[in-house]
Structures are given as C-alpha cells and as structure tokens.
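Presented below is the structure to which this report refers.
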Amino acid sequence: MSTTVLTYARVAVSALTKTYGARVAVDEVDLSLGSGIIGVLGPNGAGKTTLLRMLATVLAPDKGTISLNGLDPRVPAERVEIRRRLGFLPQSSELYPNFTPLELVDYVAVLKEHTDRDWRRREATRVLEAVGLADRMHQKIRTLSGGMQQRVALAAALLGDPELLVLDEPATGLDPEQRLELRSLLARSAGRGTVILSTHNTAEVAALCQRVLVMREGRICFTGTPGELRDLADGRVWESGGADATALRSWMTADGTFRHIGDPPAGATHVAATLDDGYLLSGAGR
Ligand SMILES: Nc1ncnc2c1ncn2[C@@H]1O[C@H](COP(=O)(O)OP(=O)(O)OP(=O)(O)O)[C@@H](O)[C@H]1O
C-alpha cells in the first residue's frame, strides 16, 4: 500500500517590501515555505527582524502579499484566525515586570481570544513547564534572570501549539543546557507545522534547521539546506602561514595559522569547508 504525503506551502510571500524612510529593509522578497524548521541567517541590518515581524502580522508591508496557511492577513477576519494559529517571539520582549509568568501567558491567551479559563490555566501551565519554568511560574517576572524571561516569552509563543512559529533570535540569553532544550522543543513543534527562526549562530542552523535562508540588504541571497550552504565553500577554503591579499576574507585562527575563503591561488593548501564559510561566501557570488 502506498502512502501519499501531502506537502503544501504554509507560508507564501510575494514581492514583499518594507521601507523605513529612504531605507529599503525588505526588498521584493518571494518565499514559499512548507513544514519544518527554517533558519534565517544574515548580518546585522539585513532585514531579518522586519521580515519576521511582517510574517507574524505585527508589521504591515508596504507592498507585496503574504499568505499564511492560505489566509490573507490583510482581511481582518482572516488575520484573527492567523493570529490564533501563530506564535511569535519578538527580538526583545518587554514583559510586564509585575506579572508572574502564569499571569502573562494567561494574558496572551486572552488576547488570542481563548475564553475558557480552565483551558487557559492548563495550557499556560503546560507551556511554562515545557520551557523549564515549572518552579518559577508564580514569581514576579522582574525577579527572573534574563534567560528565564526569554523562556517566558517563548512559552507565550508556544501557547495553543501553533501551526506557525515565528521566532526572532530565540536562543539569545539561553545557557547551553537551555539551548539544547530549545532545540528539542522546536523539533517537536516542527513535526506539526512550520517554525521560522532568525539567528546569528550557524551551529544552531546546522543542528536544527531543514532549510536555511540567507538575507543580505533586504533580499534573500541563498535558500537551500544547511549542507548546500556549506557546499558553496567547497574548494574555496585554504590555509597558510600569513594573510593572503587574493582572498575575499582572511582571518587568523586560534593556532596562529590564517584561514582564507575566496578563489584559492595555485598550490593552496585546501581545508574542509564549514557552514560559516558557506555563509560568508553566500553573498559574494562564485
Ligand atoms: N523602526 C525602524 N525605523 C527605521 N529603520 C529601521 C527600523 N527598523 C529597522 N530599520 C532598519 O531596517 C534595516 C533592517 O533592520 P532589521 O532589524 O530588520 O535587520 P536584522 O537583520 O534583523 O538585524 P539584526 O541582525 O541586527 O537584528 C536596518 O537598516 C535598520 O536600521
């Protein structure tokens, strides 16, 4: 007996554009994303946060369209439905300092128009337990550490098991153990839908993401698997005892040798490419 696996674009974006004054933060972006974990890499100011905020429906685009699970956020009734099925972790969460985590997550549930108080209580407890805050949920948020506050915001995003999770730098402030917990939490969520996260950490992408996008200057300059991103640097990484002016980039490593990426000179000592190398070359053409 054969099994048919249906895959469809849960997130479809066409010519999406956002401008701040004269600065084009997101420039005619087209995207079609199915289920799984998608990582968005890019230098500071590339437009990642702006793109994610538009996907989370908290920022309206100037031009272009977004379709989330077939719904259009420009249509008020559809936007309400999208927001119920979407979880968003903003880059910097200003949490209400005098709320407890339980009160805050419950409040987010109210904003999502969940009217059943018992359900809200159970669900808020579940997500706070899932982020490892079972013993902190009755403590004022202002008395929690930065990493714990980040986990409260993450719990709020996980509320109601959303089909689409949009997470802006979710691992910021988390210790190594918590980052591992985050990975397994997101892997479980991705089994049910789509997770889009921005990060500056290529190791996070390698460990977690099925797909990676690289943004530079408001545009998507690479889309593929993490392995394909690394492959961009195949044969284009070499080492020597000093700086190499022919390289696109050279830097000194911990053992004092220089690593270079770009078009290697004849006789260069090639070394294995990493995801970082592929990322650094992704905007440079071949
Ligand atoms: N509210 C705003 N007003 C004016 N310019 C803005 C605003 N928000 C972002 N920008 C500009 O838009 C561009 C994209 O910013 P954005 O925050 O989306 O980048 P990013 O890739 O998320 O950067 P980072 O990695 O530093 O978080 C930058 O040039 C930024 O200065």
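Everything numeric here is computed off the predicted structure, so don't read it as measured data. Both backbone and side-chain heavy atoms feed into the values below; hydrogens, waters and symmetry mates do not. Remember, it's 1-based here, ligands and their atoms both numbered in the order they're listed. For the single chain, residues carry numbers from 1 onward in sequence order.
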Which residues share a ring-ring contact (aromatic ring centres under 6.0 Å, His included) with F258, sequence neighbours left out: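 With sequence neighbours excluded, F258 shows a ring-ring contact (aromatic ring centres under 6.0 Å, His included) to no residue whatsoever.
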Can you list every pair that meets ring-ring contact (aromatic ring centres under 6.0 Å, His included) and has a residue in residues 207-242, with sequence neighbours left out?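 Every ring-ring contact (aromatic ring centres under 6.0 Å, His included) pair that includes a residue of residues 207-242, provided the two are not neighbours, is W238-H260.
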Indicate yes or no: does E169 engage K48 in a salt bridge with an N to O separation below 4.0 Å.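 No, this pair does not count.
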Looking at E113 and R83, does any basic side-chain N land under 4.0 Å from a carboxylate oxygen?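 No, no charged N to carboxylate O under 4.0 Å.
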Could you pull out every protein residue that has a heavy atom closer than 4.0 Å to ligand 1, ordered by chain and then number?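 Y20, R23, A25, P43, N44, G45, A46, G47, K48, T49, T50, Q91, E169, H200.
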Scan L104, L158, T100, L133 and name whichever one has a side-chain contact (heavy atoms from CB on, under 4.5 Å) with L128.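 It is L133; the other options fail the test.
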Return all side-chain donor-acceptor pairs below 3.5 angstrom for residues 264-275, not counting sequence neighbours, or 'none' if the list is empty.
{"residue": "T274", "atom": "OG1", "partner": "D276", "partner atom": "N", "Å": "3.4"}
{"residue": "T274", "atom": "OG1", "partner": "D277", "partner atom": "N", "Å": "3.2"}
{"residue": "T274", "atom": "OG1", "partner": "D277", "partner atom": "OD2", "Å": "3.1"}

